[in-house]
Amino acid sequence: MPLSDTAIRNAKPTGKPQKLADTEGLYLFISPTGGKLWRMDYRFAGKRKTLSLGKYPAVGLKDARTRRDKAKELLADGIDPSEQKKVNKRVIIEEERRSQNTFRLVALEWFDTYAPDLSEKHALKLRRYLENALFDVFGNKVITDIVPADILEAARPAQEKGRIQTAHRLVQLTGQVLQYAVIKGILNVNVATGITRALQPIRVTNYPAVTDPKEIGRLLRAIDHYEGYPSIVYFMKILPYVFTRPGELRLAEWEDIDFENSLFIVPWHRMKTRKVNRKDHHVPLARQVVALFRELQEFSGDGKFVFPGARAKTDTISDAGPLNALRDLGYPKEVMTLHGFRSMASTRLNEMGYRPDIIETQLAHKDPDAVRMVYNRAQYMDERRKMMEEWADYLDALRLSVS
């Protein structure tokens, strides 16, 4: 006799296992403690087996019969319903696992691992790339489902705006995240490999710079006659002597200036390149530069920053201030840039016969061999100090030369 909902509800535990039969092999198993479980006995490949169909009342009588019928359909097709249930469970677990490996979640995990070795500015830039370009296109997509077309779609808007380098950077950034997923065992293949070949090539251009000795002299004299806010005046006077990146000098703090040893120490976290070894960059200061810093100390030495802003000494001058000063001196962007002072030094020093290794080390250009880089910076200090003194004297001579 088939079971009814009333009979099931009224069934009480007896302290012993009970079986309340329904139809076609379905029955309700009542445990000694009162738990009610739907089960079905069947035979497969000559063996007697039992299939669990759920717990009452979460699974009602009608649903239990439906599950029984589906199991009997599998048996008719020669499929063991117990084994199929295991397969279905594995599929659900795999789907849950896949849903946790979206590009967004993996990228944020990668970022948390990678970002600590970056400067704050560079880390913020990468985060903006992720959130404003990549996540919008495939952030919620399971990382194993990402295809090259998705990556190109994310890079295309930047390319269409003429920002070719940004488009390449977005592809490279995606590749870094996918490679992280490969290392973690989430992916088998990094599908971003080679995609930059589908983008417009990057046209490498050097920063415009004044490199002719006579023109350098004119530029230095123009800087000497520039009148403006003291922080900007001294920034413009010092930058040609040290040829650090403009931002590295602009953000300098007084604790970075070692007057005793005539050094400007640029902390690793303010530098452009990723510093795996977290080594600061030491810039030897010629006597002329030390004198300029001493003069500037009278203006800003009571604060934190070497080049404080005009509105508040608790912040530095903006990058626009020195750039505008250069324009005011009559040097358009096609002729000279702030970064151009580095190109000026590199060009002239190479032509003057200084060793390329010494010049590159002083410029803090990225060395593919991090160990060699650290060794060189320490090993070359005497040569770099001599070069920087001679460079300062050379600039002074050009300044005094008759144009």
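Position 1 is the first residue of the sequence, and the numbers go up from there. These figures come from a predicted structure and were not determined experimentally.
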[Y]/[X] salt bridge by N-O under 4.0 Å criterion:
X    : Y    : answer
K62  : D5   : no
E109 : K184 : yes
E389 : K386 : no
K85  : D80  : no
D393 : R287 : yes

Nearest 0.5 Å, what's the CG-CG distance between L239 and L338? 6.5 Å
Output for pair (L329 CG, D224 CG), nearest 0.5 Å, gives 10.5 Å
Using side-chain heavy atoms (C-beta onward) and a distance below 4.5 Å, is [X] in contact with [Y]?
X    : Y    : value
V189 : V182 : no
E298 : P230 : no
W38  : L61  : yes

Donor + acceptor pair across side chains of D41, T50 (<3.5 Å): yes
Answer yes if the side chains of Y394 and R348 hold a donor-acceptor pair under 3.5 Å, and no otherwise. yes
Counting only heavy atoms not in K70, do more than 12 sit closer than 6.0 Å to its NZ atom? no
So with a 6.0 Å cut-off around CD of E390, is the heavy-atom count from everything else above 12? yes
